[in-house]
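Here is the structure we will look at.
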Number of protein chains: 2
Amino acid sequence: MAKPLSQTRCDFIEKVGLKSQSEGLPRIAGRVLGLLIWDGEAIAFGELAQKLQVSRGSISSATRILEDRRLIKRTTKPGQRQDYFQLAENPYAQMLGGIADNLERAMQEINKTLRDIPEAEGEIKARVTAYSDFYQQMSGAIAATLKTMN
Amino acid sequence: MAKPLSQTRCDFIEKVGLKSQSEGLPRIAGRVLGLLIWDGEAIAFGELAQKLQVSRGSISSATRILEDRRLIKRTTKPGQRQDYFQLAENPYAQMLGGIADNLERAMQEINKTLRDIPEAEGEIKARVTAYSDFYQQMSGAIAATLKTMN
DNA sequence: AGGATCGTTCAGTTCATACTGAACAAACTT
DNA sequence: AAGTTTGTTCAGTATGAACTGAACGATCCT
């Protein structure tokens, strides 16, 4: 009993929505992303609201977030007044870049703490350093992956 | 004007709490983790509640989560009835392992979708595959980092 | 046994955040 | 100019997760 393709599509969009949610994006933003991945072509603003059954306000904020992260591109069609959206050319590289930035920031934040610990507190310093190193390692791993993608 | 060490300690604990929160842990769990990183030694259950100014119920659930993820260890002291908690020996490796597992699961979930797409839909399949590859790459990068830690 | 202390559980509350939908300004159409 | 259509904004609402604190069983102490 094969699942109809339209159902597979819905499931996929929902999966991307849930995953994105667990990665700090609003769920609707994730669903927009999933829809654009699946459909590939440029989708109109109003069409997004209708197909995902959410308010235009939600589409407005979701697309802004995705645009800010450079995961999607806003375009226009001649003779059409609506905005159109499609996947950026390199969305996954952008995702990795964003993650790497976050890790980098986290590390710097921890390093600020590190500088406030006097030399005398060697053991504390060692443990906090280990925590900082964790972020550095992660960040490095992501950055390396990013390079192999180009 | 140097910051007193106790203040640096509080700031650190709060930072770990916030970072953990953005990574899907309850904030209190993150603060427990920060406290244990800073102090290093084993801390009593009641002491955690008192030092972090939260209810014992919160400590109970936070420690359970951290234990499940193998980030901390529950121990006892002879003659003492309270449970004691301290950092696991390899908490950062455990964190990485957990992250890798999540990515792996995400990928498998996407691959399930992939199998439901008929061959005829080559372009859709290609785009969904690219999404799956993203998770695979991340997962691989984390796994590689994990190896270098041992 | 009686009393104290411990960790867990769970119902209720709090709190943060996503989402809605109406109001609005801008740009287009006629 | 009047009327549409479009995207944004923002106040209000809904939703879900975290947290509290009281109740509980278990364990220890005397």
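Heavy-atom basis, side chains included; hydrogens, waters and symmetry copies ignored. Since we're looking at a predicted model, the values are computed, not measured. A note on names: the letters A, B, ... follow the listed sequences, proteins ahead of strands, and every chain is numbered from 1.
- Phosphate contact (OP1/OP2 of D:dC19, side-chain N/O of B:S58, threshold under 4.0 Å): absent.
- To the nearest angstrom, P of C:dA16 lies 12 Å from CG of B:L18.
- C:dG21 atom C1' lies 18 Å from atom CD of A:Q50, rounded to whole Å.
- An OP1 or OP2 oxygen of D:dT8 is reached within less than 4.0 angstrom by a side-chain nitrogen or oxygen of A:R74.
- A donor-acceptor contact under 3.5 Å is not formed by the side chain of A:R81 with the base of D:dT6.
- Heavy-atom distances to DNA chain C give each of B:S60 and A:I28 a nearest nucleotide, and the one nearer the 5′ end belongs to B:S60.
- Distance check, rounded to the nearest 0.5 Å: NZ of B:K15 to CD1 of A:I110 gives 6.0 Å.
- Using cut-offs of 30° and 60° for the angle between ring planes, the A:Y135 and A:Y131 rings count as perpendicular.
- Straight-line distance from the CD1 atom of A:I59 to the C1' atom of D:dG7: 12 Å, rounded to whole Å.
- The CZ atom of A:R56 sits 15 Å away from the P atom of C:dC24 (whole-angstrom rounding).
- Contact annotation: the side chain of A:E14 never approaches that of A:D11 to less than 4.5 Å [non-hydrogen atoms, C-beta and beyond].
- Summarising the geometry, the separation between CD on A:Q21 and C1' on D:dG16 is reported as 9 Å, rounded to the nearest angstrom.
- The list of salt bridge (Lys or Arg N to Asp or Glu O under 4.0 Å) pairs with a residue in residues 85-97 of chain A, not counting sequence neighbours, reads A:K73-A:E89.
- Out of C:dA18, C:dT8, D:dC19, the shortest distance to the side chain of B:P26 is found at D:dC19.
- As rounded to whole Å, 19 Å separates atom C1' of C:dC28 from atom NZ of A:K77.
- One can place CG of A:L48 at 14 Å from C1' of D:dT6, the figure rounded to the nearest angstrom.
- In this structure, A:Q82 places its CD atom 13 Å from P of C:dT29, rounding to the nearest Å.
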